[in-house]
Amino acid sequence: MAEKKACSLPGDQASSNESRRDFLKQSSLLTAFAITPGVVVKAAESKWDEGIAASLEKMPLKLEINGVKQSLQVEPRVTLLDLLREQLALTGTKKGCDYGQCGACTVHVDGQRVLSCLTLAVMAEGKKVTTIEGLATGEQLHPMQAAFIKHDGFQCGYCTPGQIMSAVACIKEGHANSEAEIREFMSGNICRCGAYPNIVDAIMEVKQGGQQI
Amino acid sequence: MIQFQYIRASTQKTAIETTAKDATAMFIAGGTNLVDLMKRGITTPQKLVDINNLPLKNIDASTGRIRIGALALNSAVAENKLVLDRQPLLAQALNAGASAQLRNMATVGGNMMQRTRCPYFYDTAMPCNKREPGSGCGALEGFNRMHAIFGFSDKCIAVNPSDMNVALVALDATVHIAGPKGNRTVPFINFHRLPGDLPQKDNNLEKGELITAVEIADNPFNKHVHYLKIRDRASYAFALVSVAAALHLDGNTIKGVRLAMGGVAHKPWRLTEAEKALVGKTVSEGTFRQAAEIAMQGAKGFKYNSFKLKMGPNAIVEALKTAAGIV
Amino acid sequence: MGFDLAGYHVPVKADVPDIHVVLIDKRDPIVNRMGAKGMGEIPLVGFTAAIANAVFHATGELIRELPLTPDKFL
Ligand SMILES: Cc1cc2nc3c(=O)[nH]c(=O)nc-3n(C[C@H](O)[C@H](O)[C@H](O)COP(=O)(O)OP(=O)(O)OC[C@H]3O[C@@H](n4cnc5c(N)ncnc54)[C@H](O)[C@@H]3O)c2cc1C
Ligand code: FES
Ligand code: FES
């Protein structure tokens with residue numbers, strides 16, 4: 001993720017002390033809002049060393065990931081994608097571009113397919129997130145996973161978790177009624193290996209099979 | 001990404017107050033544009049006010065209009081029955097934009113506010129008056145294939161990239177705004193600005209003002225409509241040129257028409273003169289061609305985008321033909 | 001100028017038609033023991049010209065420069 005030179009890298013407090021001080025002052029006043037990092041307010045009130053406060057600038061985050069309730073601490077700038085991959089070791093979700101341009105990071109949030117690279121993790125508070133790891137039931141593959149294997153819907157596999165998450169949602173949304181519709185509504189998932197025709201076949205089969213997805 | 005403070009606003013009032021009084025505070029809705037710009041260091045708010053908990057998601061119809069909340073998702077609007085029945089042009093334009101995943105995140109307010117995709121705006125090593133006022137315009141003499149042919153200035157030739165905006169300007173929408181000084185409404189056509197000497201200002205929203213809704217008055221444009229988007233690939237790409245066309249026909253006679261273009265100016269570009277020329281005429285390719293020529297008056301191309309001078313009128317004719325059903 | 005995937009357009013599903021894979025059922029005992037041979041990059045040499053010619057056939061415009069973007073057909 002691009003860091004801006006003049007500003008703070010984690011642990012680089014010197015450069016951002018000015019704004020941090022303002023921030024601490026303001027934080028202690030912000031009672032109207034549901035969320036203010038509690039530790040930070042406390043730090044401001046008790047005039048803790050700003051260095052210590054800085055390392056505490058994380059916010060509490062409660063959400064459910066693949067059916068497991070998580071109670072976490074994250075910096076507001078952490079994306080859902082980075083939270084999944086870096087903090088929770090759920091590396092099935094891929095980072096292709098990090099700018100919303102490829103679809104590799106597609107996950108479901110409250111059942112809707114979204115791009116985790118453009119979602120701030122703190123904005124998923126209270127939500128249910130499903131990643132590719134949460135699709136299968138034990139050893140039993142999800143019908144879409146099985147169909148991708150059957151139809152050879154991938155080559156290198158990098159785009160595949162995003163394709164599968166997107167494909168499941170595409171059917172659930174009701175956008176898989178024809179090949180043309182699937183092609184349009186699956187165009188947000190780029191595959192550099194060119195597995196498109198096989199991916200479309202896999203989706204058609206799952207759709208026509210009428211299995212529970 | 002730089003550090004920032006994140007605040008979840010629980011009321012409209014606190015959201016507005018917090019953003020109005022702090023020069024570095026911004027609203028965040030779907031985040032699909034803002035998070036992108038923040039990652040690249042183009043936009044650097046120190047405080048993000050998350051407005052997603054505000055009750056601004058509703059789409060409803062009453063006394064002769066549809067009201068769409070600013071937080072309604074692009075996908076939700078495009079699938080909404082009221083919108084499909086009464087304003088299908090808007091649904092078409094929304095579905096032509098971005099991807100299914102992005103439309104599940106993007107909101108109506110955020111879409112209106114999305115910034116240009118000019119590569120010089122995006123590249124922080126390049127001059128750009130919009131990003132860094134006074135630094136110059138890299139596109140003027142640079143690679144300006146995606147740029148404006150109408151309404152540009154010597155400070156900026158960027159275009160507004162939204163598809164939704166093109167439909168909303170054609171449909172004469174009204175923007176509802178709440179701000180520190182109270183509520184106001186702005187006709188959609190006056191919401192976005194031309195660059196002039198202040199290309200850093202995309203629109204006329206003041207600091208701290210929140211878009212709360214967009215309204216479209218009922219109109220007879222629910223049948224003969226077409227949104228045509230011409231782009232480098234068949235989906236998931238910004239428009240080279242797009243046209244929103246809506247006809248109100250009585251047999252073969254044009255009783256009313258709305259026309260707007262995207263990808264050609266710093267704001268969604270309404271084609272009022274061409275509309276005037278069409279009213280009362282009979283549907284035919286020749287009539288549409290004449291109107292397209294009127295629409296293109298005053299257009300000027302740059303080194304790499306002169307193709308738009310030809311693509312523009314062709315697109316207008318095609319969109320009108322498809323809307324009229326004479327293809 | 002295409003500095004990322006939003007400007008450098010690789011095809012999406014809406015661009016790509018059905019692709020028919022043709023297997024040439026002939027053993028090559030020299031390359032490897034399996035007898036199979038990949039074509040890999042060999043077809044890449046000809047396919048852009050083939051597409052340009054197909055586009056010429058469809059539109060009457062012979063474009064001699066890649067990529068074949070819509071603006072070049074006006
Ligand atoms: C790869 C890619 C391709 C895309 N392709 C297209 C396309 O083809 N066509 C198209 O039209 N769009 C396209 N988009 C852009 C997309 O439509 C916008 O990013 C989206 O609409 C922004 O909405 P948002 O809710 O996510 O806004 P955010 O990112 O949350 O906010 C954007 C701006 O709006 C402000 N804002 C948000 N809500 C309000 C409000 N209620 N009142 C006042 N200010 C507000 C924010 O402060 C911010 O400045 C694309 C985006 C990406 C990443
Ligand atoms: S990594 Fe999110 S869209 Fe590419
Ligand atoms: S399988 Fe390699 S990118 Fe899709």
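Letters go in sequence order (proteins before strands), and every chain restarts at 1.
- Using a 4.5 Å cut-off between heavy atoms, B/Asp36 contacts chain A through both its backbone and its side chain.
- A side chain to side chain donor-acceptor pair (under 3.5 Å) with A/Asp82 is found for exactly one of A/Gln87, A/Arg77, A/Lys95, namely A/Lys95.
- Ion pair B/Arg145/B/Asp232 flagged as a salt bridge, since at least one NZ, NE, NH1 or NH2 atom sits closer than 4.0 Å to an Asp/Glu carboxylate oxygen.
- Neither the backbone nor the side chain of A/Cys97 has a heavy atom closer than 4.5 Å to any heavy atom of chain B.
- In this structure, chain A has a heavy atom under 4.5 Å from the side chain of B/Leu48, while its backbone stays farther away.
- With a 4.5 angstrom heavy-atom cutoff, B/Ala98 does not touch chain A via any of its atoms.
- A/Cys170 does not touch chain B: none of its heavy atoms, backbone or side chain, sits under 4.5 Å away.
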>> For a side chain to side chain contact (heavy atoms under 4.5 Å, CB included) check, start with the C-alpha distance between B/Ile230 and B/Glu318, then their side-chain angles and the critical distance, and finish with the verdict.
In response: CA-CA 11 Å; B/Ile230 300 178; B/Glu318 278 311 304; over 6 Å; no
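- For B/Glu17, no part lies under 4.5 angstrom from a heavy atom of chain A.
- Side-chain atoms of A/Ser178 and A/Glu184, non-hydrogen and from C-beta on, never get closer than 4.5 Å to each other.
- Between B/Phe143 and B/Tyr304, the angle of the ring planes lies from 30° to 60°, which puts this pair in the tilted group.
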